[in-house]
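Okay, structure first, notes after.
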Amino acid sequence: MIKMSMNFHKKLPIPQEIKKQYALSAQMEKVRDERAKEIKAVFNGESDKFILVIGPCSADHKDPVLEYISRLRLVEDKVKDKIIIIPRIYTNKPRTTGEGYKGMLHQPDPETAPDMLKGIIAIRDLHLTALKDYGFTCADEMLYPENHRYLSDLLAYVAVGARSTENQQHRLVASGIDEPVGMKNPTSGDLTVMMNSIKAGQSSHTYLYRGWEVESSGNPLTHAILRGYVDFAGKNVSNYHYEDLMNLNALYEKSGLVNPAVVVDTNHANSGKKYLEQIRIAKEVVHSRNHNNDIKHLVKGLMIESYIEDGACKAEEHIFGKSITDPCLGWEKTQKLILEIADKL
């Protein structure tokens, strides 16, 4: 008898069951569809609005996340002629080493033991509330392809992380998603890997998914996310500068891919996780867009890590609206930055 090194605790509901139990209303579906049309128009070149995928590194508790989103709602009303705000509700975001806290899906309360069923319900409830109460469809990271289906009818934007962009399953699932999917450059910085991932996402495939043989039609809105990288000596190297954007534009021109697009991640290796640098980086990217039409057409938006309080909590701290993973911009700086970006577009 083959022994397995894992214990099966309980059978979880399939996505269809969860979606039926926690369903969208007709009004929520209408808002979702209107948002989807507006966001897709940016990535296919029909709209020149600017995307901001913005919010906490990891969604930790429902109350501070919704408080943050309520503030975004008020700001978007001031800039909606130029900017589309897509709040980050990253529910599968672990700490870097993967030890301990692994995100709201695993622990809807970071201070209690993991409970995947409660987590599935909690993340769906959070995305539902953002849509129902504030009119926002949001972004989430597809850290695990198996989990995407629990939120697939709610998301406006999907990111595939630097450590996942080489993974075949992530690429295949991305090819069957209906909303824009951003592929981050890998931690090595090899843009060939990222471009191959985009190619795979834009192509049709037949593959195994959740026990089914699935055929995807390809996602033409699969695109690049530049987040910097770490070199052989462990040094952070940025890739958001004018020359980096021109280089990416040249790669797109050679690739034959449709809908060339990039969202620039202002944190991670681009900032060396120095969260205050996000302000300067965001302004530089906007300046590059204004200086060159090719870059303007290529750069569709920014990804910014932001929350209510500046920085990040220490391991023993629990502060309302302060990140428990990577450090984030606080609200006052965030609001000012959004308004300044809108003024420069």
Side-chain angles (χ1 to χ4, degrees), residues 35-54 72 75-76 78-86 88 139 156-159 179-185 189 191 194-195 197-199 201-202 219-228 238-271 277-306 329 334 336-345:
R35 286 260 300 171
K37 183 178 180 180
E38 186 179 23
I39 292 166
K40 288 177 181 179
V42 175
F43 285 96
N44 65 25
E46 294 176 2
S47 169
D48 61 0
K49 286 190 177 183
F50 197 66
I51 298 286
L52 287 183
V53 181
I54 187 168
L72 283 182
V75 176
E76 192 188 50
K78 298 178 182 179
V79 299
K80 60 185 178 182
D81 59 325
K82 295 182 178 180
I83 291 175
I84 300 173
I85 290 178
I86 305 177
R88 285 172 55 118
Y157 185 91
V158 175
E179 57 267 4
V181 175
M183 298 288 191
K184 288 196 174 186
N185 66 260
L191 296 189
M194 180 186 70
M195 300 304 289
S197 190
I198 297 168
K199 174 67 175 177
Q202 291 194 3
N219 181 354
L221 302 183
T222 308
H223 61 276
I225 300 175
L226 293 180
R227 49 87 74 197
S238 60
N239 60 9
Y240 62 84
H241 299 292
Y242 182 90
E243 295 79 8
D244 298 305
L245 299 174
M246 290 299 294
N247 177 51
L248 179 59
N249 190 64
L251 290 176
Y252 261 118
E253 288 178 346
K254 295 176 184 177
S255 71
L257 294 166
V258 299
N259 302 320
V262 63
V263 171
V264 176
D265 183 343
T266 62
N267 214 10
H268 296 98
N270 269 335
S271 69
E277 289 294 293
Q278 294 186 101
I279 298 170
R280 178 187 58 78
I281 293 166
K283 291 178 180 179
E284 180 176 327
V285 173
V286 172
H287 177 76
S288 295
R289 288 179 85 250
N290 291 339
H291 186 73
N292 185 290
N293 273 335
D294 288 338
I295 292 178
K296 183 173 184 178
H297 293 310
L298 180 68
V299 178
K300 303 300 184 182
L302 298 169
M303 187 172 284
I304 298 171
E305 291 195 330
S306 154
L329 279 181
T334 297
K336 181 181 178 182
L337 178 60
I338 294 172
L339 296 175
E340 287 178 345
I341 290 172
D343 187 55
K344 289 177 169 62
L345 290 174

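At a threshold of 4.5 Å between non-hydrogen side-chain atoms, the residues E38 and K49 count as touching. Between L226 and L245, some side-chain heavy-atom pair lies under the 4.5 Å cut-off. Considering only heavy atoms from C-beta on, L52 comes within 4.5 Å of I304 through its side chain. Contact of the L339 side chain with the V79 side chain is registered, since non-hydrogen atoms from C-beta on lie closer than 4.5 Å. Side-chain atoms of L221 and I39, non-hydrogen and from C-beta on, never get closer than 4.5 Å to each other. Looking at heavy atoms from C-beta onward, R88 lies in side-chain contact with E305 at the 4.5 angstrom threshold. Side-chain contact between L248 and M194: present, with at least one pair of heavy atoms (C-beta onward) separated by less than 4.5 Å.
V285 and Y240 get closest at one heavy-atom pair: CG2-O, 4.0 Å. Contact detail for P220 and V258: the closest heavy-atom pair is O-CG2, 3.8 Å. Looking at every heavy atom in both residues, A269 comes nearest to G228 through CB-C, 3.4 Å. Of all heavy-atom pairs between K40 and E179, the closest is CE-CA, 4.4 Å. Between F50 and V299 the shortest heavy-atom distance is CE1-O, 4.1 Å. Here the closest heavy-atom approach between residue A261 and residue F43 is recorded as CB-CD2, 4.0 Å.
Counted within 6.0 Å of NZ on K82, heavy atoms from surrounding residues, nucleotides or ligands total more than 12; the atom is thus considered enclosed. Within a 6.0 Å sphere centred on NZ of K80, heavy atoms belonging to other residues, nucleotides or ligands number 12 at most.
Qualifying side chain to side chain contact (heavy atoms under 4.5 Å, CB included) partners for K283, counting only residues two or more places apart in sequence or in other chains: I279, L337, E340. By the side chain to side chain contact (heavy atoms under 4.5 Å, CB included) test, E46 pairs with A41, N44, sequence neighbours left out. With sequence neighbours excluded, the residues satisfying side chain to side chain donor-acceptor pair (under 3.5 Å) with E76 are R73.
Rounding to the nearest 0.5 Å gives a distance of 7.0 Å between CD1 of I54 and CD1 of I341. Summarising the geometry, atom CG belonging to L302 is positioned 10.0 Å from atom CD1 belonging to I281; distances are rounded to the nearest 0.5 Å. Taken from CG in L329 to OG in S271, the straight-line distance is 9.5 Å, to the nearest 0.5 Å. For the atom pair OG of S197 and CD of Q202, the computed distance is 10.5 Å after rounding to the nearest 0.5 Å.
Under the 6.0 Å cut-off for aromatic ring centres, H223 and Y252 do not qualify, their centroids lying 6.0 Å or more apart.
Among residues at least two apart or in separate chains, salt bridge (charged side-chain N to carboxylate O under 4.0 Å, His left out) pairs with a member in residues 261-271 are K184-D265. Every pair tested for salt bridge (charged side-chain N to carboxylate O under 4.0 Å, His left out) that includes a residue from residues 241-256 fails, sequence neighbours excluded, so the list is empty. Note on residues 286-297: pairs passing side chain to side chain donor-acceptor pair (under 3.5 Å), not counting sequence neighbours, are Y242-N292.
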Fill in: Verdict with supporting geometry, L257 and M195, side chain to side chain contact (heavy atoms under 4.5 Å, CB included)
CA-CA 9 Å; L257 294 166; M195 300 304 289; 3.8 Å; yes

Item to complete: Go through Y157 and I51 one step at a time and tell me if the side chain to side chain contact (heavy atoms under 4.5 Å, CB included) criterion holds.
Response: CA-CA 10 Å; Y157 185 91; I51 298 286; 5.6 Å; no

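R280 has a carboxylate O that lies under 4.0 Å from a charged side-chain N of E277, or vice versa, which qualifies the two as a salt bridge.
Panel note: side chain N259, backbone T222; no donor-acceptor pair is recorded below 3.5 Å.
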